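Before any comments, here is the structure.
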Amino acid sequence: MQREQGGRMFEAVDPRADFPAMEESILRFWKERDIFGKTLRTNEGGPIFRFYEGPPTANGRPHPGHVLTRVIKDLFPRYKTMCGFHVPRKAGWDTHGLPVEIEVEKELGLEKKDDILRYGVEPFVRKCMDSVFRYTAEWERLTERIAFWLDLGDAYVTYHKSYVESVWWAIAELWKKGLLYRGHKVVPWCPRCGTALSSHEVGLGYREVEDPSIYVGFRSAEDPRTYYLAWTTTPWTLISNAALTVDPEVDYVYARVGDERLVMAEARVGPVMGKMKFQVEGRVRGRELLGRSYEPLYPYARTDRKAYFIIAGDFVTLDSGTGIVHTAPAFGADDYRVGRENGLPVIQLVDPAGRFTPEVAPWAGRFCKDCDGEIIRDLQRRKLLLRRETVRHEYPHCWRCDGPLLYYARDSWFLATTKVIGRIIGNNRLIRWRPEHIRDGRFGNFLETNVDWALSRERYWGTPLPVWMCERCGDWEAIASMDDLRSRPGARGFDVFEKAREKEPDLSPHLAIHKPYIDAVTYDCQRCGGRSSRVTEVIDCWFDSGAMPFAQWGYPHVPGSREKFEACFPADFIAEAIDQTRGWFYSLLAISTMVFDKAEMPHPFRNCIVLGHVLNSEGEKLSKSKRNYTEPSELIARVGADALRWYFYSSNQPWTSTRFDDRAVAEAQREYIVKLWNVYSFFAIYARIDGFDPSEGAGQVRCFLSSEFAGARGYRPARERSLLDRWIISETNLAVRELRRALDDFDCYGAARVLLELCDSLSNWYVRRSRARFWKGEKDADKYDAYWTLYESLLTMVRMTAPFTPFLAEEMYRNLARSPWPSSVPESVHMCTFPEADESAIDEALSREMALVREIVRLGRAARTAAKLKVRQPLRLAEIVLANPADRETVRKHMALIADELNVKEIRYNDDIVPTQHASYAIRPNFKAIGPKHGALVPKIKAALEKADARAAYGEMARTGRLILDLPEKVELSPSEVEVVVEAREGYAASDSRRAVVVLDTGLDEDLIEEGLAREIVNRVNSLRSEMDLSYDARIRLTISGSDRVVSVCNRFADYIKGETLAVSLSTGPVPQGVATSEADLGGESAILCVSRA
RNA sequence: GGGCUAGUAGCUCAGUUGGUCAGAGCGCGUCCCUGAUAAGGACGAGGUCGGUGGUUCGAAUCCACCUGGGCCCA
């Protein structure tokens, strides 16, 4: 790199940075130099940090919640890369399933499942495949723009042939283990989509709706004037009623109304009958009702089996209803179970599309739920209805098409997760969840109530269920790959796809393993010689995503996949939002546990951060349709991606659902990014003015170690530098230690706090206290110390913040590190190693001392504010009363700093515990120490110490090492068990904390007033300089005219004023013509100031 | 109805195994600084830590109940 003139090593830094533009230029830099690719390769062969990307469905636009997920995912791989790990980061896309089909149906205007058949499965599936990448470009753009480094070029795609075959392999494995079975079960069913949903999908669609709530009488077959009263919110299921269920241990009564008797649980009589007139005529135990029969409500069902009688069940509740439960085995899980136990028929008079079958004469062909009203009116007409109301309750809806679900008995394919649930739970126990309560709370509970995984979907666009079944004998098996299929005897039908491809060479080869082509493949049944063909179903797309640990590599079929899989299993880290508890987290865990008999746990992931939902400023869920949030891209264009990233890391723990708005992001940016930038720009301004060049005299610098800087010009080891320098160096190293600890613990919020604090120390104490060292004229050792200290701190800070704010870090690194060492240091900050704490540079005692110094200064400022004395006005004296004599040394050591910061001439502090006119002492118990030891005596000790003379008590302790109290029990306290505190007395310019009181002498004499005046003059002149837009190092000529006093001050403090204003001359005569002048009011004195460029 | 989670300043959130004036940022008020300058900083006001009861020498923190919220499920 060519040096600029004047030995200016560093580029100028605009104090008002345009972050979005800066980021765009960094993006170009990364791309041109393939920095991400290089970081991926640098640690190849080293230890691996394993990260799994949960595949997003790219058929919608990303919103701020996705940004949260993605920046959390990015942080740890970046950090681990800098720590020397190889971190493969394969991207992935979830491409199958209902979400995709629904989008395509909408686009094609298809309303029902039949419409798809009319449109044609082949073109439909092809449409689906085309649509899955509709928003991929947008996702990729966002991913890149927020600097989520993910290997997008090598993404896994769930519809790819290798992926599907891997999923097939897993299913075949499960089949071999006896975990795949076909069952007739009541499943949550979407009549519009015409498919079953898994329990985790049902969880996605609960909505509050209004349903009828009716009480229906079933007339006894034995006594036509007795009615069994049942309650339901789904009148349409009454047509398929097969039995009534009671609790055998509950008391039932006969309630006479007119000349009819209603049977219901005794406990429900009140709520059910309400104000109706009735008489209780008898009581009977539920057990005694069993077996009694009643007349069916409707005659449409034909069945050979015995039905329409009373059975026992364990699910009868007395919280609602009548204690007698209408039972329709086809439409409820409990109903189905007791139906089976009692040999009941499964009466199913609703077809898969939710329409009544032709037998149901009055309502045949109509959507069942739409007939509720007419059924109710019919019952009313037949005087079988006691009452009708409506009820608002949560009812499951299809998570994609939004239609109401039915519980529906259906043949489906299941995975017997319940058989291995013990192992799944054991595996879960060993996973480190953040927050921890997920493990035994939400996720653990979910596992406890596990039901078998309803795997099959009667749909089109998905991984085909690899089950081939003989048409003749019904024997079936699961196929593990296309090769496996080809090797079956008499296999044929592959030509259907091949022919389609001949006609259309562009046809994706991945379609060969999808419907409808794969359905053409058949082979000979090995058992009976019949023909085996594939069952029609596809599988739940959650199985796809849960199979990614191996399917992303095409394991085990693809050559080399075994090595890759083994190297990257299990994951060290994953992160997704809380809604994935029942989604990806579950499918990953269940599949891994079922497929791999690994003794070594946990797998397939060790650490999981569960993210909270991002809400908008009103606390509402982000909703695409409501547009109730700012698009991430818009926000990034305004404030930059680093700001957004930093907001998500630093605002709160990532698992708390939090309100998010644009203003908060800007705040986060000011708090950290702008502050750090200001420190950086401060450094650059002065380094340029002074021509500070860290490479001058330095040897080979690669890792920014002090040993590498040793020979550089002006470089001295930290121990030879000032207290302040040593302090910030110590703070920096402490921060490195803390930051590593937090990040190793997956605690990004804690990590962000460490950075914030260091940034604040740097900006608001180190730079603030060091300013004068940078702008003084001579380039002495102290000035070099200041440069080197700030420079080294910034270099460390830049590497520490790199995983969090990668753009900011890169920009600063480019200037701070690459300018001086264009070839020896890594070309990107992201290729650097993460800083290591230099334990020898850590001085915790100094940290504590400086904390006290800052506390004293704060007290002094508060005292000034209270006395209305601006800092510009020097004061004679500040008295510091310290509670702890051990602190005296600290004050002595840092006296100059305190005096300067408070602008006082002299600091005095006490050398004994003597109450003064300003402050009093008290001695207090250290509760933490004495509590466990003295228990109930604590209040007495507290009272005794309150009365005690602090000085005497302290003296005794100093002499004897203990303090004996007579309560009258003798209690002995050691020095660590008490604490001396100090308090300001009323009426002085004083301010107190527990450890110190600072008192200001507010008296002003002529000397102090004149000095204050001199500072006023400096202040006004420098304001003028900035109004005139003078550069930082421009020299001026200064002319001041004013009162005798002003002139006298100018003469007395001429050197000071000239030094502070960079004036080459100061005259006190009349003001020359034609130059900038300003009339100033200097607190009572007026003057005319005239500044001209020298 | 069950489970989980949170209820802390006007707002967004911290608060380490219970330890004695309750923390930050923003906002607000009053100022300071003006050589980081359309930035930076200080000081201050503001909270009976949702309510009640309990355990304890001591509770924002532990327990019980109540109350309104969110999420998940039945």
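Because the structure is predicted, anything quoted here is derived from the model rather than measured. Every chain is numbered from 1, with letters handed out A, B, ... down the list of sequences.
Note on Arg442(A): a base of the nucleic acid sits closer than 4.0 angstrom, heavy atoms only. Nucleic acid contact class of Arg771(A) (heavy atoms, under 4.0 Å, all strands): base. Using a 4.0 Å heavy-atom criterion, one finds that Thr449(A) contacts no nucleic acid atom at all. Among the protein residues, Leu1062(A) comes within range of the nucleic acid bases, having at least one heavy atom under 4.0 Å from a base atom. Within 4.0 Å (heavy atoms only), Gln653(A) reaches sugar-phosphate atoms of the nucleic acid but no base atom. Within the nucleic acid shown, Asn652(A) comes within 4.0 Å of sugar-phosphate atoms alone, with no base atom in reach, counting heavy atoms only. Tyr749(A) comes within 4.0 angstrom of the backbone, heavy atoms only, and of no base. Counting any heavy atom pair closer than 4.0 Å across all strands shown, Asn764(A) reaches sugar-phosphate atoms only and no base atom. Looking at heavy-atom distances under 4.0 Å, Gly1059(A) makes contact with a base. Looking at heavy-atom distances under 4.0 Å, Ser763(A) makes contact with a base.
Here U34(B) is the nucleotide among A36(B), U34(B), G27(B) with the atom lying nearest to any side-chain atom of Asn1022(A). When distances run from any side-chain atom of Glu671(A) to the nucleotides G3(B), C43(B), G25(B), the shortest one goes to G25(B). Of the candidate nucleotides G41(B), A36(B), C57(B), A36(B) has the atom nearest to the side chain of Val679(A). For Phe682(A), the side-chain atoms get nearest to A36(B) when compared with the rest of G19(B), G41(B), A36(B).
Trp433(A) has its ring centre less than 6.0 Å from the ring centre of Phe585(A). Taking the six-membered ring for Trp and the full ring otherwise, Phe683(A) and Phe10(A) have centroids separated by under 6.0 Å. In this structure, Trp542(A) has its ring center no closer than 6.0 Å to that of Tyr586(A).
Distance check on atom P: C21(B) versus C33(B) gives 35 Å, rounded to whole Å. Taking atom P on both nucleotides, G18(B) is separated from C57(B) by 16 Å, rounded to a whole Å. Here, A60(B) and G51(B) have their C1' atoms 14 Å apart, quoted to the whole Å. Annotation: G23(B) and C49(B) have their P atoms spaced 14 Å apart (nearest Å). Separation of the P atoms belonging to U48(B) and C65(B) is 26 Å when rounded to the nearest angstrom. With C1' as the reference atom, G15(B) and C31(B) are 31 Å apart, rounded to whole Å. A gap of 13 Å separates the P atoms of A45(B) and A22(B), to the nearest Å. Taking the P atoms as reference points, U56(B) lies 49 Å from G29(B), given to the whole Å.
In this structure, U12(B) forms a base pair with A24(B), meeting either the Watson-Crick or the G-U wobble geometry with both donor-acceptor distances under 3.5 Å. The pairing partner recorded for U34(B) is none, the criterion being a Watson-Crick or G-U wobble arrangement whose two distances lie under 3.5 angstrom. Searching all strands for a Watson-Crick or G-U wobble partner of G53(B) with both distances below 3.5 Å returns C63(B). Nucleotide G29(B) is matched to C43(B) when pairs are restricted to Watson-Crick or G-U wobble geometry with both distances under 3.5 angstrom.
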Just do the ring pair (Phe, Tyr, Trp, His ring centres under 6.0 Å) check on Phe774(A) and Tyr787(A) with the steps written out, would you?
CA-CA 8 Å; Phe774(A) 288 97; Tyr787(A) 273 119; 5.0 Å; yes
Test side-chain hydrogen bond (donor to acceptor under 3.5 Å, both in side chains) applied to Trp765(A) and Ser761(A), step by step
CA-CA 5 Å; Trp765(A) 199 244; Ser761(A) 294; over 6 Å; no
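Straight-line distance from the CZ atom of Arg1020(A) to the C1' atom of U34(B): 11 Å, rounded to whole Å. Remark: P of C72(B) and CD1 of Ile578(A) are 9 Å apart, rounded to the nearest angstrom. Across the protein-nucleic acid pair, Asn678(A) atom CG and C33(B) atom C1' stand 14 Å apart, rounded to whole Å. G40(B) atom P lies 19 Å from atom CH2 of Trp765(A), rounded to whole Å. The distance from atom OH of Tyr766(A) to atom P of G41(B) is 18 Å, rounded to the nearest whole Å. The nearest whole Å value for the distance from the CD atom in Glu855(A) to the C1' atom in A42(B) is 16 Å. Rounded to whole angstrom, the span from the CG atom of Leu902(A) across to the C1' atom of C33(B) amounts to 15 Å. To the nearest angstrom, C1' of A42(B) lies 15 Å from CG of Asn903(A).
A salt bridge between Arg861(A) and Glu901(A) is present, with a side-chain N of the basic residue lying under 4.0 Å from a carboxylate O of the acidic one.
RNA chain B is contacted by both Phe927(A) and Val674(A); Phe927(A) maps to the nucleotide lying nearer its 5′ end (nearest heavy atom per residue). Heavy-atom distances to RNA chain B give each of Glu1060(A) and Ile438(A) a nearest nucleotide, and the one nearer the 5′ end belongs to Ile438(A).
Distances shorter than 4.0 Å separate none of the side-chain N or O atoms of Lys942(A) from OP1 or OP2 on G58(B). Residue Thr656(A) places at least one side-chain N or O under 4.0 Å from the OP1 or OP2 atom of A14(B). The shortest distance between the side-chain N/O atoms of Gln873(A) and the OP1/OP2 oxygens of C32(B) is not below 4.0 Å.
No side-chain N or O of Asp335(A) forms a donor-acceptor pair with one of Thr327(A) less than 3.5 Å apart.
Within 6.0 Å of CD in Glu448(A) there are more than 12 heavy atoms belonging to other residues, nucleotides or ligands.
The base of U17(B) sits within donor-acceptor range of the side chain of Lys928(A), with an N or O pair under 3.5 Å.
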